Q: 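This is the structure, below, for whatever I ask next.
In this text the structure is predicted, and so the values were computed from the model without any measurement.
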Amino acid sequence: MTTHGWCTVSVVVLTTMMLLLLMSLPRVDTRCMKTTDGKSYTLSIGLLTASVSNLTIQRTIQENILRTGQLKDCFSPPHYLTLPVRETLKIPKQGWNAIQKGIENSLMNQGAEPDEVPNVIIGPFYTNLAMILERLNIPYLVTDYKGFDWIDMSRVQDRTPWRTLVEIRPPAQEQNLAVVDLFRSESWESAVMVMPENAADNQECQDLASQMLGAGISLVPYTVHPGESIAREMVLQVLRNAQLFRQWNIIVCSPRDVTDHLIELVLDVARMFDLTLNEKQVFVLVDPSSALKPMANAQEMYNLGLFSARCRLLAFRYVEPLKEKDTDRAAAIDAAMVTTMALNNYIQHQKERNDVFSADRFLREFKNVTWSSLVFVCKRYQITKGKVRLPHGHTGRLQFNATGQRVNYTLHLYNHGGPDMYRKIAEWSPSGDSPGARLNLTGYDEEEHKTTQYGIFPQIVKIVVVVEQPFVMYRKRRGQTPSRDNQYEGFTIDLINRLAQDLKFNYQIDVSPHNAYGGPRDGGQWDGMVGEILNGNATLAAGAISITSAREKVIDFSLGVLSTGVNILIRKPQESRTIFQFLMPFSLELWMAILGGSALVSIVFFAMDYHSHTDRRFTMKETIWFAIGTIMKRGTDFAPVPISQRILTAGFTFFVLITVSTYTANMAAFLTTKNLGKAIDSFEALAADNSMGCGTVENSATMNFLKKGTKPVFRALWKKIRGSRGLVPNATAGRERVIRESGYAFIFDYLINAYSEMRYCETKAAASPILIQEHGLGMAEGAPFKTSINIALLRLKEEGFLQGLKKKWWDDKRTCDDESKTRSSQQEFGLEHMAGVFIVGLLGLGAALALFVFKKLYFTAKVAHARHRQRTPSNGDRSSEQHLSATPPSVREKERLCQNNTSFV
């Protein structure tokens with residue numbers, strides 16, 4: 001048997017043995033062991049929505065179920081029931097009349113089984129809906145104590161002990177109690193409170209006022225119309241009165257601040273009165289939703305001047321701002337986690353097999369969700385000071401009492417202004433019989449505070465960069481080899497060092513693969529710096545990485561660090577000099593026109609004086625000399641007498657005046673500026689110049705912009721880039737190609753091109769920047785440290801640190817002459833500027849001397865010839881002499897004088 005035959009037999013035998021082995025293995029039973037027939041329970045989850053379904057809740061529940069084996073076996077994939085409050089349940093219009101019918105219609109229209117009912121309803125609180133669900137025995141998981149439309153009674157007024165209610169958000173009454181305890185601990189006896197005027201929107205504020213008055217705190221309430229044009233005037237009057245009566249404690253109660261923007265309005269007006277700069281002033285911001293819109297956006301905080309505020313801006317939060325930015329999203333995720341934990345508890349605590357899913361037991365498991373239930377979600381433990389802590393939910397500890405209210409949670413008191421921005425100064429817990437027991441101003445865990453403020457960063461922050469001057473460069477040290485910790489320098493390195501110092505983290509610098517910024521590849525994959533962030537190989541991406549819409553779809557960015565654009569880097573045109581530079585103010589055609597005009601005037605002068613036989617002055621010689629003397633502003637020995645000649649002289653003199661003045665002005669400009677060769681000064685000029693190639697960095701934001709550009713100029717540039725193979729791996733290669741090839745232009749980042757112009761004198765940045773963008777720090781989507789970095793960057797902007805860094809790495813690194821300063825300064829003339837003038841003068845001098853010498857030699861030779869003829873008379877001469885002797889003396893004398901006065905013209 002051949003070798004090929006043996007191989008075939010071996011493969012068949014091995015395949016058969018593997019099949020027999022697989023058949024002998026016991027089958028994995030994926031049936032639910034908690035039911036008699038092994039079938040899974042049907043799971044239906046109703047989601048209250050304003051318009052569309054909440055994908056965050058769906059996604060979180062699905063992930064948690066798939067992650068847990070028993071849940072996956074005992075529950076079918078959840079059937080999500082979308083319940084629009086306005087269109088289907090019709091709560092705003094019909095109250096409770098259409099709620100049950102709307103649920104039944106939704107089940108029927110969304111493909112539910114005939115006898116299927118929702119196992120749980122998740123969404124904000126509606127009193128009428130709670131009443132219907134109480135009757136249907138369906139758990140109601142409340143994510144907010146007020147409905148979408150805010151027209152119904154909130155949980156502040158509704159004190160009914162609902163049996164089926166489970167509340168994710170802490171009660172507003174207890175959050176108000178925390179404010180009262182703060183006033184008591186600080187011994188503040190009075191305050192001014194600003195709140196919305198609409199009674200449906202200020203229910204929480206009314207409860208706060210009632211509690212403060214009950215605690216003996218004097219309160220002066222003011223109501224305003226948020227969103228109306230008179231709101232600013234109303235707030236201005238309130239703050240003016242508070243300042244007049246020296247009231248330093250101002251409470252801003254805005255339960256609907258996401259839409260009312262009342263907190264932002266008050267702080268903006270307070271800045272006008274310099275109240276935010278008064279250290280005595282205290283603003284207590286009450287937003288029970290914990291959203292605090294003005295503090296959620298770093299740019300808004302910068303606009304309101306909160307980073308330089310000296311007053312105290314205090315607010316209680318149950319969602320820690322440095323960990324969660326979107327409070328609604330945090331509540332939705334925790335609602336999904338609680339639902340999954342309740343399902344897990346239901347299966348774990350089921351002792352006997354049962355095919356019927358019990359709504360009562362499921363409701364009990366909701367209320368029995370405690371810390372121990374979190375183990376199945378996350379097996380990681382946190383150890384602090386020898387204590388084992390189970391991980392928190394997105395809104396803190398998740399635990400409920402028998403009535404479904406949130407218990408054992410923590411409210412965090414933060415200061416939101418000045419250098420202590422987002423510093424936690426106290427913690428409040430509802431468990432306690434006195435304000436001192438509930439509010440802990442000084443005894444909270446400092447280690448936990450450090451973890452909250454700085455521990456959001458990994459132990460080593462891996463930062464991916466692109467080596468690009470002057471952002472990141474290899475450090476050059478004489479006689480030393482740089483270590484890994486200090487082998488880089490540049491603008492980005494200095495910025496990272498300062499951020500690491502302020503935010504207390506350690507970092508490691510890694511260069512991006514292929515030193516690339518990052519762009520999308522085939523199949524949706526990203527390479528370069530963006531790819532490193534997406535793959536989890538880096539925590540931050542820093543350097544000259546532009547914030548673009550395409551990149552922001554896959555990663556997050558910090559606030560802009562530097563504003564930049566795109567322009568062109570070209571090889572600096574060489575200065576062209578000529579000794580006849582004085583002729584350049586006028587073109588050749590203009591010089592010919594001036595000479596032709598002067599000749600024409602000479603001819604006209606000659607013609608006007610041609611018929612004057614008695615006193616003729618303007619001979620051809622005199623006419624030419626008259627024209628030359630007028631142009632040179634020398635004048636002539638005589639002036640024209642006839643009126644016609646005088647009119648012609650006036651016109652010609654005016655022509656000469658304008659011509660000479662224009663020449664003088666242009667001559668000054670030409671002699672004081674460099675006469676450069678042909679240069680590209682715009683993108684249009686680059687696109688139109690067929691002799692000039694161009695390029696940019698491959699897979700960069702600039703390349704994508706040119707590639708997708710819709711304007712004809714950008715399409716033409718992209719065509720040139722592809723045709724001339726203009727793509728380069730990085731800006732350094734682009735600059736070197738510009739220096740090496742005079743017919744190549746590099747289109748890239750304005751800041752990098754500006755640095756090249758300052759350091760590499762052969763290059764020149766041209767064209768006004770386009771595609772104005774900003775460089776930022778890239779990070780993974782939803783990075784918890786994004787807010788911390790934004791706050792730190794805004795502080796550095798206010799301190800002028802970033803501006804100083806820019807001066808250090810651009811202006812102070814200049815080694816080439818600044819052409820703009822050179823043009824504006826006085827330039828010293830040299831021989832090269834006036835060489836042509838000297839040459840023309842020397843030519844005139846030479847011509848005059850040559851003519852003089854020629855004349856002298858000519859007449860000397862003529863006189864000698866005449867004398868020679870007198871000494872050797874011939875026969876003809878004798879007859880002449882006889883004739884002369886016969887001529888009267890007076891006639892001979894005149895001929896002699898005439899001969900001696902004859903001149904050569």
Side-chain angles (χ1 to χ4, degrees), residues 22-48 53-83 100 102-123 132-141 163-164 166 332-333 335-370 372-379:
L22 290 174
M23 293 175 64
S24 64
L25 292 175
R27 294 184 178 181
V28 178
D29 193 356
T30 58
R31 299 179 301 168
C32 180
M33 303 304 294
K34 300 292 184 177
T35 59
T36 57
D37 55 1
K39 294 182 179 180
S40 57
Y41 295 116
T42 300
L43 186 60
S44 179
I45 300 175
L47 302 176
L48 298 179
S53 60
N54 193 323
L55 297 179
T56 301
I57 296 179
Q58 294 185 25
R59 190 181 302 113
T60 305
I61 293 178
Q62 191 67 29
E63 290 177 355
N64 290 339
I65 289 179
L66 292 177
R67 193 182 299 139
T68 309
Q70 284 192 341
L71 289 182
K72 184 171 60 177
D73 295 341
C74 291
F75 291 96
S76 60
H79 176 220
Y80 297 102
L81 187 67
T82 302
L83 300 173
Q100 185 170 350
I103 295 175
E104 294 173 356
N105 291 338
S106 297
L107 286 168
M108 181 177 61
N109 297 333
Q110 297 182 34
E113 297 294 332
D115 57 345
E116 184 177 334
V117 294
N119 298 104
V120 61
I121 300 292
I122 303 176
I132 298 297
L133 297 181
E134 186 93 354
R135 183 162 57 85
L136 297 177
N137 200 30
I138 299 175
Y140 187 7
L141 191 56
R163 182 177 55 85
T164 59
V166 179
I333 292 178
M337 291 178 61
V338 169
T339 302
T340 314
M341 285 186 277
L343 292 171
N344 181 75
N345 290 346
Y346 185 95
I347 296 300
Q348 295 291 337
H349 297 160
Q350 183 173 330
K351 298 179 180 179
E352 298 179 357
R353 295 186 179 186
N354 194 340
D355 296 334
V356 179
F357 186 80
S358 173
D360 290 332
R361 195 158 65 82
F362 185 43
L363 180 60
R364 288 198 303 272
E365 297 301 344
F366 263 112
K367 298 178 180 180
N368 289 333
V369 168
T370 58
S372 60
S373 304
L374 283 170
V375 177
F376 92 98
V377 177
C378 183
K379 296 294 185 180

Q: Pick one: which of T339, L43, T42, L343 meets side-chain contact (heavy atoms from CB on, under 4.5 Å) with P78?
A: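 Only one option passes, and that is L43.
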Q: Give the minimum heavy-atom separation between Y41 and I347, together with the two atoms involved.
A: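 Taking Y41 first and I347 second, the nearest heavy atoms are CE1-CD1, 4.2 Å.
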Q: Are any of the side-chain heavy atoms of M337 and V369 separated by less than 4.5 Å?
A: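 A side-chain contact is absent here, since even the closest heavy-atom pair is not under 4.5 Å.
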Q: Quick check against the 3.5 Å criterion: does T35 have a side-chain atom that pairs as donor or acceptor with the backbone of N354?
A: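 Not confirmed, T35 side chain does not pair with N354 backbone.
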Q: Would a 4.5 Å heavy-atom cut-off, applied to side chains only, mark I103 and I138 as touching?
A: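 I103 vs I138: side chains apart.
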Q: Roughly how far, to the nearest 0.5 Å, is CG of N137 from CG of D360?
A: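 Interatomic distance, D360 CG to N137 CG, rounded to 0.5 Å: 4.5 Å.
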Q: Under the rule for side chain to side chain donor-acceptor pair (under 3.5 Å), what residues qualify as partners of Q110, not counting sequence neighbours?
A: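 Per chain and number, Q110 pairs via side chain to side chain donor-acceptor pair (under 3.5 Å) with no residue.
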Q: Looking only at heavy atoms, which two atoms of F366 and L141 are closest? And how far apart?
A: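 Nearest heavy atoms, F366 then L141: CE2-CD2, 4.1 Å.
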Q: Measure the spacing between OG of S106 and CG of L47 and express it to the nearest 0.5 Å.
A: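 So the gap between those two atoms works out to 11.5 Å.
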Q: Can you tell me how far the CG atom of L133 sits from the CZ atom of R163, to the nearest 0.5 Å?
A: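 Here the interatomic distance stands at 10.5 Å.
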Q: Taking all non-hydrogen atoms of both residues into account, name the closest pair between C32 and K39 and its distance.
A: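 Closest heavy-atom pair between C32 and K39: CB-O, 3.8 Å.
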Q: Please identify each residue that fulfils ring pair (Phe, Tyr, Trp, His ring centres under 6.0 Å) with Y346, with sequence neighbours left out.
A: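 Y346 satisfies ring pair (Phe, Tyr, Trp, His ring centres under 6.0 Å) with F357 once adjacent residues are dropped.
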Q: Which atom pair, heavy atoms only, marks the closest approach of S76 to S40?
A: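 Taking S76 first and S40 second, the nearest heavy atoms are N-OG, 3.6 Å.
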Q: How close do A335 and I122 get, counting heavy atoms only, and between which atoms?
A: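 Between these two residues, the closest heavy atoms are CB-CG2, 4.1 Å.
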Q: Going by the side-chain contact (heavy atoms from CB on, under 4.5 Å) test, name the single residue among H349, Q348, Q350 that passes it with E365.
A: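 Single side-chain contact (heavy atoms from CB on, under 4.5 Å) partner of E365 among H349, Q348, Q350: H349.
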Q: Does the side chain of I132 come within less than 4.5 Å of Y140's, by heavy atoms?
A: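 Side-chain contact under 4.5 Å: no.
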Q: When rounded to the nearest 0.5 angstrom, what is the spacing between NE2 in H79 and CG in L107?
A: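 Going from NE2 on H79 over to CG on L107, the span is 7.5 Å.
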Q: For L83 and I121: C-alpha separation, side-chain torsions, deciding distance, then whether side chain to side chain contact (heavy atoms under 4.5 Å, CB included) applies.
A: CA-CA 9 Å; L83 300 173; I121 300 292; 3.7 Å; yes
Q: Would a 4.5 Å heavy-atom cut-off, applied to side chains only, mark N119 and I45 as touching?
A: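 With C-beta onward as the side chain, the pair stays apart.
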Q: Quick one: pull up NZ in K34 and CG in D355 and give me the separation to the nearest 0.5 Å.
A: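 K34 NZ to D355 CG: 13.5 Å, rounded to 0.5 Å.
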